[in-house]
Amino acid sequence: MASEPVEEEYISDIGPPDFREMLPPVIKKNYGKWKYHEVLKPGVLVHVAESGDKVYTVRAGEPRLMSTQSIRQICELADKYCDGYIRFTTRNNIEFLLTDESKIDDLIKEVEELGYPVGGTWDATKAKYSLSNIVHTQGWIHCHTPAIDASGVVKSIMDALFDHFKNMDLPGLCRISLACCLNMCGAVHASDISLVGVHRTPPMPDDDTIRRTCEIPSTVSGCPTGALRPDMKRKTIIVDESKCMYCGNCYTMCPGMPCFDPENGGVAILAGGKISDARAPARLSKVIVPWLPNNPPRWPEVVDVIKAILETWAAEAKPHERIAEWIDRIGWEKFFEKTGIEFKVQLIDDFRQPRHTFRTTTQFKW
Ligand code: SF4
Ligand code: SF4
C-alpha cells in the first residue's frame with residue numbers, strides 16, 4: 001500500500017516563490033553592490049558592480065497581452081543569449097540580461113525580427129529620454145466593464161509615437177497610461193498623460209437578470225453616490241439618474257445593471273500627473289479632454305490629442321522638465337493654447353464631494 005502523503009504536500013496557498021531564487025547568478029553575486037550604470041545606446045544599459053562584474057540589459061517593448069507562442073519565442077531567445085534569464089518590467093517591457101557584451105547586437109537583431117522594438121531607455125546625465133512603453137489594462141479582450149479597448153488604443157498611440165521609443169529625443173520623462181474604465185486598474189491617476197474609458201449613460205436595469213443573479217442589498221450599497229434603491233416589491237433595483245456618475249460599479253456587483261453604450265461611451269484624457277517627488281511634489285492628473293469617441297480600429301481623434309500634447313511639450317520643455325512642471329511654468333491657459341486643445345466647461349471640477357479631489361501631495365509644508 002502507498003504511504004500516506006506528508007502534510008507539506010497538501011500546502012498549495014504559499015504565495016509567489018522568493019524572487020531571489022530567480023535572480024541571474026551575476027545579480028545574486030553582486031546584490032546591493034552596484035557602483036553605477038550607463039546607457040550604451042537606446043535600449044541598452046550596462047550596470048557595473050564593485051567587483052568589476054558587468055550586466056548588460058537589452059530592453060524591448062511588448063504588447064502586454066501575449067500568446068503562449070510569443071512567450072515561448074522570447075524564452076528561447078533568453079535561453080540562447082541570457083542563460084535563460086529574463087524579466088518583464090511594470091511598463092510592459094521585456095529585459096534581456098546578458099553578461100557577454102559581444103552577443104548584444106545579435107540579440108537585438110533577433111528580438112526586432114520577432115517584432116519587439118528595442119528602446120525605451122533614458123540617460124538622465126545627458127537629459128536624453130525615450131518614451132517608455134504604455135501601461136494599460138485588459139480592455140475588450142478580457143474585462144467586463146471597459147468603456148474603450150486598451151490594447152488597440154495603445155497600439156495606435158505607440159505606432160504614432162514610435163520614434164520617441166526608439167530614440168532618446170525627449171527632454172524629460174513622460175509616462176503614458178491607459179485604463180479602460182473608471183475602476184482604473186491601470187493606475188492612471190498620476191501619469192504625465194493618461195487615458196480613461198468613460199461611460200456616459202446610467203445603468204439600464206434588466207429586472208429579470210437582477211432577480212435571477214443579483215444580491216440586491218449589496219448591489220445597492222456598492223453605489224458610491226447613493227443613486228440606487230431597492231424595489232423589494234418587484235424584486236429589482238431603481239436608478240436615480242440625477243445622482244449617477246456612470247462609474248459602472250453596480251455592473252461589477254450585478255450583471256443585470258449594464259451601462260454599455262457604443263455611441264456615448266468613450267475616452268477622457270488627463271495630463272500633468274506624476275508620482276515622483278523630484279523637484280516638484282507628486283500630483284494627480286487633471287482632465288483636459290472630457291470625452292472623445294470610441295473609434296476603432298485606430299482611434300484617430302485620441303491619437304491626435306496625445307501626439308499634440310507630447311510633441312508640444314517635447315519642443316518647449318527645459319531639460320528634465322516633466323509635463324506637470326512645464327504646465328506649472330507656462331500656466332494651464334497657455335497649455336490649452338499651445339496644444340490646440342479646446343477648454344470645455346466640463347473640465348471645471350464641480351464634483352459634489354470635492355474634498356476627495358482637492359490638491360493632494362506627499363510633500364507637507366508646516
Ligand atoms: Fe476592467 Fe476597468 Fe480594469 Fe479596464 S480599467 S481592466 S474595464 S476594471
Ligand atoms: Fe451608482 Fe456607479 Fe451604478 Fe451610477 S454607475 S448607479 S454611480 S454604481
Side-chain angles (χ1 to χ4, degrees), residues 63-66 90-92 133-157 175-191 193-207 209-210 213-231 236-270 273 284-285 287 290-292 294 296 299 302 346 349-354 356-357:
R64 180 165 187 262
L65 299 173
M66 282 201 273
T90 50
R91 297 201 77 83
N92 306 328
N133 209 352
I134 300 182
V135 164
H136 67 89
T137 49
Q138 340 301 334
W140 291 338
I141 205 161
H142 180 59
C143 197
H144 62 302
T145 49
I148 49 158
D149 190 23
S151 309
V153 189
V154 165
K155 165 74 175 148
S156 308
I157 295 170
R175 304 302 202 195
I176 306 181
S177 316
L178 180 146
C180 40
C181 88
L182 293 184
N183 277 341
M184 296 218 298
C185 54
V188 300
H189 55 284
S191 292
I193 304 175
S194 320
L195 302 99
V196 185
V198 284
H199 297 288
R200 296 197 307 163
T201 37
M204 297 156 278
D206 172 350
D207 295 342
T209 308
I210 292 171
T213 57
C214 302
E215 193 182 71
I216 292 176
S218 56
T219 305
V220 167
S221 62
C223 174
T225 60
L228 301 179
R229 68 189 161 85
D231 180 345
T236 187
I237 294 170
I238 296 168
V239 183
D240 179 346
E241 296 190 2
S242 67
K243 287 186 182 170
C244 177
M245 62 172 179
Y246 324 126
C247 68
N249 206 32
C250 48
Y251 182 61
T252 301
M253 310 288 288
C254 165
M257 303 288 286
C259 52
F260 301 109
D261 182 337
E263 297 301 318
N264 283 297
V267 55
I269 298 179
L270 296 83
L284 300 176
S285 319
V287 180
W291 180 83
L292 286 172
N294 201 356
W299 287 270
V302 176
Q346 291 92 339
D349 185 358
D350 62 350
F351 183 44
R352 66 197 176 91
Q353 295 161 341
H356 296 306
T357 54

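Counting convention: from 1, in listed order, for ligands and their atoms alike.
Every heavy atom of Cys259 sits 4.0 Å or more from the atoms of ligand 2.
Taking backbone and side chain together, Cys250 holds no N, O or S atom under 2.8 Å from atom 1 (Fe) of ligand 2. For residue Cys181, an N/O/S atom approaches atom 2 (Fe) of ligand 1 to within less than 2.8 Å.
The atoms of ligand 2 that sit less than 4.0 Å from any heavy atom of Pro224 are 8 (S). Close contacts between ligand 2 and Cys244 involve ligand atoms 4 (Fe), 5 (S), 6 (S), 7 (S) [criterion: under 4.0 Å to a heavy atom]. Remark: ligand 1 atoms within the under-4.0 Å shell around heavy atoms of Asn183 are 2 (Fe), 8 (S). The ligand atoms of ligand 1 that sit less than 4.0 angstrom from a heavy atom of Pro146 are 7 (S). Of all atoms in ligand 2, numbered sequentially from 1 with element shown, those under 4.0 Å from a heavy atom of Gly248 are 2 (Fe), 5 (S). Counting atoms of ligand 2 from 1 in the listed order, those under 4.0 Å from a heavy atom of Thr225 are 7 (S). Residue-ligand proximity, Leu228 to ligand 2, at heavy-atom distances under 4.0 Å covers atoms 6 (S).
In terms of protein heavy-atom proximity, atom 4 (Fe) of ligand 1 is nearest to Cys180 SG, 2.3 Å. The protein atom (non-hydrogen) at minimum distance from atom 3 (Fe) of ligand 1 is Cys185 SG, 2.1 Å. Atom 1 (Fe) of ligand 2 has its closest protein heavy atom at Cys223 SG, 2.3 Å. Protein heavy atom nearest atom 2 (Fe) of ligand 2, with residue, atom name and distance: Cys247 SG, 2.3 Å. Atom 6 (S) of ligand 1 has Gln138 CG, 3.2 Å as its closest protein atom, hydrogens excluded (heavy atom only).
Judged by distance alone, the side chains of Asp149 and Trp299 never bring a donor and an acceptor atom under 3.5 Å apart.
Shown are Asp207, Ile210, Asp231, Asp206; of these, the side-chain contact (heavy atoms from CB on, under 4.5 Å) with Ile237 is made only by Ile210.
Smallest separation of non-hydrogen atoms from Ser177 and Val188: CB-CG1, 3.4 Å. Closest of all the heavy-atom pairs between Gly197 and Ile148 is CA-CG1, 3.6 Å. Across every non-hydrogen atom of Pro255 and Thr213, the tightest pair is CG-OG1, 3.8 Å. Of all heavy-atom pairs spanning Val198 and Pro290, the tightest one is CG2-O, 4.2 Å.
Within a 6.0 Å radius of NE2 in His142, other residues, nucleotides and ligands contribute 12 heavy atoms or fewer. Counting non-hydrogen atoms of other residues, nucleotides and ligands closer than 6.0 Å to CG of Leu65 gives a total above 12.
Of the two cysteines examined, Cys254 and Cys214, the SG atoms meet the criterion of being under 2.5 Å apart.
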List the steps, then state whether side chain to side chain contact (heavy atoms under 4.5 Å, CB included) holds for Leu178 with Val135.
CA-CA 6 Å; Leu178 180 146; Val135 164; over 6 Å; no
